Novice: 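Sharing a structure below in structure tokens format, with a few things to ask.
Worth saying up front: this structure is predicted, and the values here are computed from it rather than measured.
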Amino acid sequence: NEDGVNPEIVDSYEVGLKADWNDNFRTNVTLFSLDHKDRQYVGIGEGSSATDLLQVLRNVAATSAKGLEAEVTYVASDYLTFNLAYGYIDEKIEKNNSVPPLIGLANTPSQTVNLSANYVIESDIGDFTMNAGYYHRGDYLLFETSTLLKQEAYGLINVSINWQSVEGDWYASLHGKNLTDEEYLVGGYDFVGVADDGSLLPGLGGDLTLIGYYGDPRTIHLTVGYRF
């Protein structure tokens with residue numbers, strides 16, 4: 001029988017502050033730290049002889065991370081509001097005996113920024129709410145042991161306008177997402193190896209699957225409805 005593995009252990013600590021500085025300005029800031037021990041990856045175990053090494057699931061890695069999350073809301077007027085969300089994380093590999101070795105944490109950009117503005121227009125036919133936003137995400141790996149599927153930093157611009165009639169029965173919305181038509185990876189499969197010259201090698205079972213999935217391209221979406 002093969003040796004089992006121990007459960008993974010995560011020690012997480014957070015400290016935060018929520019504050020309304022006045023009627024217009026609100027902040028929410030959180031500092032965090034986590035230690036992820038006994039991470040389960042394929043590792044090398046002893047075989048029946050000194051030259052016979054087995055690749056089996058083992059507790060072979062440990063990682064740590066620290067960072068902050070901040071949210072800021074500023075109400076400029078009864079009609080105009082700004083929102084900012086910022087995230088920062090500094091990750092580190094503390095133990096690295098997996099096969100292949102860890103390179104970094106998956107889907108963990110060091111920085112993210114989300115900035116948006118909302119503006120309300122009142123009229124005789126109902127209220128219009130307009131929103132414009134920009135989302136930035138830093139570089140990240142899709143898999144922790146490979147750089148074949150790596151996404152460079154990118155930014156998305158989204159806008160929308162929503163309308164509701166005075167009576168509240170009719171409504172409509174127009175959304176434009178990813179207006180600059182950015183291409184960005186959100187998932188995939190990586191079952192290949194890499195030779196010293198950079199060429200691809202078959203992975204486990206002779207698999208040569210290397211597939212990346214992308215987020216939605218530029219999309220325009222219109223909704224019109226009536227509430228009975």
Novice: Keeping Asp169 on the side-chain end and Arg227 on the backbone end, is there a donor-acceptor pair under 3.5 Å?
Specialist: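 No, Asp169 side chain to Arg227 backbone: no donor-acceptor pair under 3.5 Å.
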Novice: Heavy-atom count check: over 12 atoms from other residues, nucleotides or ligands less than 6.0 Å from Tyr134 OH?
Specialist: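 It does: Tyr134 OH has more than 12 such atoms within range.
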Novice: Could you give the distance from CD (Glu91) to CG (Leu102), rounded to the nearest 0.5 Å?
Specialist: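 Reported to 0.5 Å precision, the distance equals 10.0 Å.
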Novice: Taking only residues two or more places apart in sequence or in another chain, which ones pass side chain to side chain contact (heavy atoms under 4.5 Å, CB included) with Tyr135?
Specialist: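 Tyr135: side chain to side chain contact (heavy atoms under 4.5 Å, CB included) contacts with Thr112, Asn114, Arg137, Tyr154, Leu156.
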Novice: Taking Asn158 for its side chain and Asn178 for its backbone only, find out whether a donor-acceptor pair lies under 3.5 Å.
Specialist: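 Present.
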Novice: How many angstroms lie between OH in Tyr41 and CG in Leu57, if you round to the nearest 0.5 Å?
Specialist: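 Here the interatomic distance stands at 10.5 Å.
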Novice: Closest heavy-atom contact between Asp127 and Ser123?
Specialist: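 It is OD1-N, 4.2 Å.
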Novice: Would you please name every residue forming a ring-ring contact (aromatic ring centres under 6.0 Å, His included) with Tyr226, sequence neighbours left out?
Specialist: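 By the ring-ring contact (aromatic ring centres under 6.0 Å, His included) rule, Tyr226 matches Trp170, Phe228.
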Novice: I'd like to know if the side chain of Arg218 reaches the main chain of Leu179, judged simply by a donor and an acceptor atom lying under 3.5 Å from each other, with no hydrogens or angles considered.
Specialist: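 At least one qualifying donor-acceptor pair exists.
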Novice: Give, for atom CG of Leu174 and atom OG of Ser160, the distance between the pair rounded to the nearest 0.5 Å.
Specialist: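 Spacing of CG (Leu174) from OG (Ser160) equals 8.5 Å.
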Novice: Measure the OH-CG distance between Tyr86 and Leu68 for me, rounded to the nearest 0.5 Å.
Specialist: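 Interatomic distance, Tyr86 OH to Leu68 CG, rounded to 0.5 Å: 6.5 Å.
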Novice: How long is the straight-line distance from CH2 of Trp163 back to CZ of Phe128, given to the nearest 0.5 Å?
Specialist: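 Between atom CZ of Phe128 and atom CH2 of Trp163 there are 7.0 Å.
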Novice: Please determine whether the number of non-hydrogen atoms from other residues, nucleotides or ligands lying under 6.0 Å from atom CZ of Phe25 exceeds 12.
Specialist: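 Result for CZ/Phe25: enclosed.
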Novice: Show every salt bridge (charged side-chain N to carboxylate O under 4.0 Å, His left out) that has at least one partner inside residues 93-110, sequence neighbours left out.
Specialist: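 The answer is none; no pair qualifies.
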Novice: Does CG in Asp23 sit with more than 12 non-hydrogen atoms of other residues, nucleotides or ligands closer than 6.0 Å?
Specialist: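 No - once you tally the heavy atoms of other residues, nucleotides and ligands closer than 6.0 Å, there are 12 at most.
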